Asker: 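Let me begin by handing over the structure; questions about it come next.
The structure displayed is predicted, hence computed values, not measured ones. Numbers for residues simply follow the sequence, beginning at 1.
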Amino acid sequence: MLNSYVKFKLTELRKVKALVFTALPRPNDIKFTLFKEGEAPKALNIIKSSSMTSVSMFELELPEPYEFGKEQSIHLSHFTNKPIDLEDVPFFPEFDRMFNYDGDDLGATYSKNSTAFALWAPLASKVELELETSKDHFEIFIMSRTEKGVYRFTKEGDLLNARYLYRVTNSGVTLSSTDPYAKGTDVNSRYSAVVDVDAIKAMKTYPLKREIKNYVDSIIYEVGVRDFTEQGGDATDIVNRGKYLGFVEEGRKTKGGNPAGLDYLVKLGVTHVQLNPIIDFGSVDDVDMNLKYNWGYDPISMFCLEGSYSLHPEIPMERLVEFKTMVNELHKHDIRVIVDVVYNHIYEYVSSCYEKIVPSYFFRRRTEGFIANASGCGDDVASEKYMVSKMIKDSMKYFIEVFDIDGYRFDLMGLIDIDTLKGGFKKCKQVKEDIMMYGEGWNMGMELPYEKKGCSDNADKLPMFGFFNDSTRDIVKGPTFKSDINKKGYINGDINYAYGLKYAIFGSTVNINYEPRYKDANQSINYIECHDNNTLFDKLSYSNGDEDEETILRRVMLGNGLLMTLCGVPFYHMGQEIGLSKHGDDNTYNVLKVNRMDWKLIDARWKMVDFFRHAIQLRSDIGLYHEHRPSVLQDAIEFIDLDNGLFAYRCKKKELIRGHEEFVVIYNPNNKAITYELSDNYRIVFHEAGLHPYDGMTLKHLMIPPISMLVLVKWRKE
């Protein structure tokens with residue numbers, strides 16, 4: 001009817017609100033009739049009504065609780081039938097109880113003889129499967145509704161790599177969608193795809209040699225699959241640049257003859273690589289990745305792998321095989337794999353499979369009803385809801401169980417609820433004992449109650465999780481954000497930060513100058529650079545702009561060495577070891593080329609690489625840095641009061657320092673050498689050139705070079 005509008009919305013299981021907008025006079029004999037699939041029409045009772053100019057509102061009573069899975073509409077006198085809108089149903093208090101499906105068969109479960117499809121779509125009145133039954137030929141199959149709102153269909157035959165979509169009808173509207181639980185996808189995620197997960201699980205795996213008993217035994221190196229090997233020209237002889245398999249090519253060299261790619265990681269001696277997101281994201285073309293660049297924090301899936309890193313993204317199974325091969329090769333070389341996961345938001349929620357399949361369920365809302373935007377992406381995921389939490393936990397278990405990865409780094413972990421994090425950890429721990437989990441612990445947004453957030457303020461509720469330690473970051477190098485870019489920290493030459501450095505030494509676990517942030521040093525992820533914000537070199541170039549490049553690089557080395565000699569978990573960003581620059585750009589998430597590893601710079605600054613790998617050897621060899629209990633650390637470490645901004649500490653616990661009488665670490669952030677008279681004979685074991693050979697030389701008169709650190713052990717007469 002022209003100039004008129006009618007809408008029916010389910011507000012409770014037996015109540016419907018009707019809104020009628022019309023310029024026509026309200027008839028005296030107004031009637032509402034329910035049309036329900038498979039049943040005779042029924043008149044509805046009007047519980048109450050109200051009217052104003054051109055608008056009438058009615059509250060209607062259904063004869064029985066709404067039966068989900070059946071098409072239902074209401075006819076109003078003088079109007080056509082309109083479907084009942086179920087948009088508010090996910091907010092009903094009983095919704096999660098009614099539809100809390102606990103099965104592990106969602107998605108497409110493949111075997112050579114058949115594939116079973118299962119989709120959780122509790123609000124849908126109808127779901128159809130659009131399936132590729134032969135190359136580029138699709139057929140439509142009606143799916144059957146089963147328990148807890150799960151629709152099912154099984155198709156006989158071998159469907160490996162077959163593409164499919166779901167056609168889901170909600171509130172009278174039918175939309176095509178990919179599968180939220182799909183493990184495979186085609187080019188640029190236009191379709192979901194059937195893959196053989198069991199075949200990937202069955203691929204040979206390699207046991208790791210190094211035992212990681214505690215997080216503090218780890219040295220983490222953050223690196224992007226594409227960024228690590230993509231540099232062109234003759235910088236390296238890596239063949240499959242920017243790809244999963246290019247990441248693990250053996251025997252590759254830089255132009256200067258130094259190890260490149262995988263061999264470089266092995267040379268460094270890191271225990272873990274943290275991969276920037278490898279779960280499917282939306283902004284990079286799978287076929288021509290040079291059209292766009294992105295770090296990958298714009299996810300469109302919780303299970304599918306990113307296609308642009310695959311040599312054959314058009315073959316759904318191929319990217320699974322390639323990624324498992326990549327993990328296996330890293331494990332073969334005793335390097336564990338951490339995956340950076342983005343569970344807190346989704347790329348373009350309106351067009352996402354989640355919103356199409358269960359409208360209004362998967363995303364967190366503000367009090368006025370708008371989608372929450374604490375992530376800054378406009379589509380915060382409602383992790384606290386039962387089936388969202390289940391999906392996150394299932395995703396966490398999937399990548400560990402199928403690809404044998406070793407843990408997760410959580411993007412904006414403070415937006416994920418504690419119960420989901422703990423539940424996911426428990427699931428993963430059952431698969432692999434020595435997993436590692438940590439994340440960004442900022443307290444963000446108001447929609448999730450404070451006490452439920454996975455933020456660092458609630459670290460005591462998540463003892464199995466680490467948190468990026470911003471306090472240490474700012475003490476060591478000064479504030480990191482653009483507004484504070486010129487402010488200095490300890491390694492920049494602000495010696496007042498020596499006061500806070502005592503707090504950082506203990507991994508923020510001991511009450512020295514500041515309240516403890518963590519109960520255990522395993523929780524302190526110590527970092528001064530990551531993919532976000534300026535690189536360490538660029539930060540120092542701003543804060544110490546009057547210094548030349550050589551001096552800035554000395555400060556980079558001091559920062560890297562200092563970080564390695566703090567208690568907690570050392571974390572480094574790719575290229576930090578050589579002072580890699582992003583040319584002052586602090587947000588390069590979509591900037592081509594600038595994030596790449598510069599292998600020519602590796603050649604030019606190989607002495608910095610040597611310093612870094614020797615620092616790893618030093619840390620690995622000293623028991624003090626493998627201790628995580630605050631009480632033991634506090635008893636073991638003693639600070640030495642020095643002038644001129646020097647900072648020093650000692651350890652006399654022989655069982656923690658390879659039987660030495662004493663182990664001493666000294667930092668000098670000043671741009672001049674400082675002499676110091678020692679109380680006894682000591683031997684230098686580490687300096688700006690790296691590890692110092694045990695050549696028998698001892699000294700009492702110490703000269704500490706400008707912008708450097710020294711590690712000494714007390715000489716012991718035999």
Side-chain angles (χ1 to χ4, degrees), residues 219 268 469 472-480 487-505 526-529 534-568 570-573 575-581 605-619 625 639-640 642-649 664-676 684-692 702-712:
I219 298 161
L268 289 182
N469 193 331
T472 290
R473 176 198 66 193
D474 292 351
I475 288 167
V476 174
K477 72 164 186 178
T480 197
K487 294 182 180 178
K488 298 182 178 183
Y490 181 74
I491 65 168
N492 319 49
D494 187 344
I495 61 176
N496 293 316
Y497 273 99
Y499 181 80
L501 202 53
K502 292 182 178 181
Y503 180 68
I505 292 294
N526 298 327
Y527 79 113
I528 51 178
E529 178 184 322
N534 281 286
T535 67
L536 178 59
F537 178 89
D538 289 345
K539 161 67 180 180
L540 293 169
S541 297
Y542 279 115
S543 63
N544 297 63
D546 57 337
E547 296 180 341
D548 60 21
E549 182 181 272
E550 182 180 354
T551 304
I552 296 294
L553 292 176
R554 290 184 66 88
R555 295 195 184 279
V556 170
M557 290 172 63
L558 173 60
N560 290 337
L562 187 153
L563 197 64
M564 202 72 77
T565 48
L566 300 179
C567 298
F571 173 100
Y572 295 88
H573 179 227
Q576 181 180 333
E577 68 275 17
I578 57 167
L580 203 61
S581 171
R605 297 177 182 173
W606 187 256
K607 76 170 188 176
M608 296 183 72
V609 176
D610 270 339
F611 174 86
F612 185 75
R613 67 186 187 86
H614 285 170
I616 289 177
Q617 292 176 38
L618 172 74
R619 181 182 179 89
Y625 301 123
F639 295 109
I640 305 170
L642 299 177
D643 297 327
N644 302 312
L646 294 180
F647 186 95
Y649 67 89
V664 178
V665 181
I666 304 175
Y667 312 121
N668 177 17
N670 301 288
N671 53 15
K672 62 180 180 179
I674 296 177
T675 58
Y676 179 67
I684 295 175
V685 296
F686 183 83
H687 53 33
E688 58 189 348
L691 288 170
H692 193 278
L702 187 65
M703 193 277 290
I704 308 163
I707 313 173
S708 70
M709 63 176 285
L710 294 177
V711 178
L712 310 97

Asker: Measure the CZ-CG distance between Phe611 and Leu691 for me, rounded to the nearest 0.5 Å.
Answerer: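 Atom-to-atom, Phe611:CZ and Leu691:CG are 10.0 Å apart.
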Asker: Judged by atom type as modelled, is there a donor-acceptor pair below 3.5 Å linking the side chain of Thr472 to the main-chain atoms of Asn526?
Answerer: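 Here the side-chain-to-backbone pair does not exist.
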Asker: With a 4.5 Å limit on heavy-atom distance, are the side chains of Glu547 and Asn671 in contact?
Answerer: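 Side-chain contact under 4.5 Å: yes.
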Asker: Would you find a donor on one side and an acceptor on the other, under 3.5 Å apart, between the side chain of Asn544 and the backbone of Asn492?
Answerer: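 Yes, Asn544 side chain to Asn492 backbone: donor-acceptor pair under 3.5 Å.
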Asker: Report yes if the side chains of Leu642 and Ile674 come closer than 4.5 Å at any heavy-atom pair, otherwise no.
Answerer: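 In short, these two side chains do not touch, never coming nearer than 4.5 Å.
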Asker: Lys539 side chain to Pro479 main-chain N or O, any donor-acceptor pair under 3.5 Å?
Answerer: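 Here the side-chain-to-backbone pair exists.
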Asker: Is the shortest heavy-atom distance from the side chain of Val665 to the side chain of Met709 under 4.5 Å?
Answerer: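 A side-chain contact exists here, since the closest heavy-atom pair is under 4.5 Å.
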Asker: Side chains of Leu562 and Leu501: closer than 4.5 Å at any heavy-atom pair?
Answerer: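 A side-chain contact under 4.5 Å exists here.
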Asker: With respect to Asn560, which candidate in Arg555, Glu529, Glu577, Gln576 satisfies the side-chain hydrogen bond (donor to acceptor under 3.5 Å, both in side chains) definition?
Answerer: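 Exactly one option meets the side-chain hydrogen bond (donor to acceptor under 3.5 Å, both in side chains) with Asn560, and it is Gln576.
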Asker: If we ignore hydrogens and angles and just use 3.5 Å, is the side chain of Asn496 paired with the main-chain N or O of Gly500 as donor and acceptor?
Answerer: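 Side chain of Asn496 to backbone of Gly500: no pair is present.
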Asker: Any side-chain heavy atom of Thr565 sitting closer than 4.5 Å to one from Tyr625?
Answerer: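 Yes, side chains in contact.
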Asker: Using salt bridge (Lys or Arg N to Asp or Glu O under 4.0 Å) as the criterion, list what pairs up with Lys502, not counting sequence neighbours.
Answerer: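 Counting only residues at least two positions away or on another chain, Lys502 forms no salt bridge (Lys or Arg N to Asp or Glu O under 4.0 Å).
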Asker: Using a distance-only test with no angle check, is there a side-chain donor-acceptor pair under 3.5 angstrom linking Asn668 and Ser708?
Answerer: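 Ser708 and Asn668 do not have a side-chain donor-acceptor pair below 3.5 Å.
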Asker: Okay, side chain of Tyr497, backbone of Lys477: is any donor-acceptor separation there less than 3.5 Å?
Answerer: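 No; zero donor-acceptor contacts below 3.5 Å.
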Asker: So, taking the atom named CG in Leu712 and the one named NE2 in His692, what distance separates them when rounded to the nearest 0.5 Å?
Answerer: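 Nearest 0.5 Å value for the CG-NE2 distance: 10.5 Å.
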Asker: With a 4.0 Å cut-off on N to O distance, would you call Arg613 and Asp610 a salt bridge?
Answerer: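 The answer is yes: the pair qualifies as a salt bridge.
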